[in-house]
There are 2 protein chains.
Amino acid sequence: MDTQRTGPRAAPRVRTNGPAREVPPSTVARLPGYLRALQGFEGVVTTSSDELADAAGVTPAQLRKDLSFLGSYGRRGVGYDVEHLSEQIGVVLGLKTQRRVVIVGIGNLGHALASYSVFAERGFAVVGLVDTDPAVVGTSVAGLVVQPSEGLADLVRTTDATIGIIATPAASAQAVCDALVGAGVVGILTFAPRALRVPENVDLRAVDVASELQILAFHDHRRAGTGDSA
Amino acid sequence: MDTQRTGPRAAPRVRTNGPAREVPPSTVARLPGYLRALQGFEGVVTTSSDELADAAGVTPAQLRKDLSFLGSYGRRGVGYDVEHLSEQIGVVLGLKTQRRVVIVGIGNLGHALASYSVFAERGFAVVGLVDTDPAVVGTSVAGLVVQPSEGLADLVRTTDATIGIIATPAASAQAVCDALVGAGVVGILTFAPRALRVPENVDLRAVDVASELQILAFHDHRRAGTGDSA
DNA sequence: TAGATTGTTAATCGATTAACAATC
DNA sequence: TAGATTGTTAATCGATTAACAATC
């Protein structure tokens, strides 16, 4: 869980002129939200940091700061060109190349994810489904035939998938994770409620819906406990 | 999106002796992970910050710092009592009271969430399902009959639900959110890919799976772009 | 030119890490 | 007592906010 990546101190990396520079993780995490917000302005030519920030649910200051890491894509006194800014954020996020995704664990959640149309709208292609259950293997879900676990490595290679989604029970998640890493994916999104270990050259993001509810419970509880009802 | 809550500077709030104090948001967000990790030590009497941190995927220093906000639940030279620590984290998160949850939007995702057994294991009860589609209303999912939208407010009141989950398309999410707030829920977890607005007395958490993939794409892209393949 | 709005700098704030004194 | 391990303090680091000079 070391997010270090520097030796003596990351060399400033020969400024690649264009939209390179070092983009902080917190900024990267907000970029998809800006892209989403920009879609709400389709047809409009320009928008301002005030307007766009409002749509994205952040402050104008934060939006401008975030965008400044990507380069100078606005015009002072005018605002941002909606089309151009969308394009540039897409470039920075690497969405000009379509990424291929395999989903492991075709239970209720895996099934839902396999059928989730937003993935395609946002530039991702689900190219493979895998499960261990013999009752599920061979069935067709969202136009794909579910493969057995043994086929995972081959599947990743032949489809050239770079991202794996884990939608298995917690118990098998680490094994699946290892298999995905072994097969060569570089990014993993897991929904399994447990901590996973990946080598540092693989990127891991975890969504735990039960944990989300527990965080909500904390605030619910504090609110009730503080007794601030009139 | 103002997370302010202070006037001149939050009054130190008469130290409620027990596990009160002010727990920082970043710590709260990690508590469910500690609870999860502790479950892996069931049967064991004590564990150390080293061991537990390892299981939870954080550093020992961070674990101890986090736990120190809750109170002093470890013994120097010995470690933490697994049973007691689990209990205390549960108390802080407010899990001693079971929270009731309603899910709005019974498409693929809503269906999966309604059937997600981990919710029950972690102290939440799904008590109601709502959808607009006449073809879905009236059907039975995970032992519950799907109610029409008009029934939302009544459902929340009669079940005494405090948390709402939004699993609708983006287009209807804000309206559903407003309805949930109007019905009196105090926490909302949304999966709809758009920014939502809630009054400041309502807690909102958002999971956007497509955004997660886009964040993974960024790193994928950087890795490929940097050309560090031997 | 006058008004608008960005991009950037500086100040603040919060979160993480490291180290160690307290204490079991 | 000696060894282990916490709880806390201080140092570092990163992220957010506010303000404004640059500039369209």
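Reckoned from all heavy atoms, side chains included, excluding hydrogens, waters and symmetry mates. Sequence lines set the chain letters: A, B, ... in the order given, protein chains first and strands last, and positions in each chain run from 1. It should be emphasised that the depicted structure is a prediction, and the values quoted were computed from it without experimental measurement.
Under the 3.5 Å distance criterion, the side-chain polar atoms of B:Arg100 are matched with a main-chain donor or acceptor of B:Gln98. Proximity of a side-chain donor or acceptor of A:Arg205 to a complementary backbone N or O of A:Leu189 within less than 3.5 Å is not detected.
One interatomic measurement links the two molecules: CZ of B:Phe69 to P of D:dT6, which rounds to 17 Å at whole-angstrom precision. To the nearest angstrom, P of D:dA4 lies 20 Å from CG of B:Leu52. Taking atom CZ of A:Arg30 as the reference point, atom P of D:dT17 lies 9 Å away to the nearest angstrom.
Salt-bridge check for A:Asp208 with A:Arg194: failed, with every basic side-chain N at 4.0 Å or more from each acidic carboxylate O.
Among the atoms of the strands shown, none is found under 4.0 Å from any heavy atom of A:Pro60.
Residues passing the side chain to side chain donor-acceptor pair (under 3.5 Å) test with B:Thr27, sequence neighbours excluded: B:Asp66.
Stem regions for DNA chain D, each three or more consecutive Watson-Crick or G-U pairs with both distances under 3.5 Å and listed by first number, read C:3-24 with D:3-24.
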Between A:Arg197 and A:Gln174, does the side-chain hydrogen bond (donor to acceptor under 3.5 Å, both in side chains) criterion hold? Intermediate values first, please.
CA-CA 7 Å; A:Arg197 231 168 275 278; A:Gln174 184 63 61; 5.5 Å; no

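Looking at residues 75-83 of chain A, you'll see A:Arg75, A:Arg76, A:Gly77 sit with a heavy atom under 4.0 Å from some atom of DNA chain D.
For the residue pair B:Thr162 / B:Arg99, no side-chain donor-acceptor distance below 3.5 Å is found, with atom types taken as modelled.
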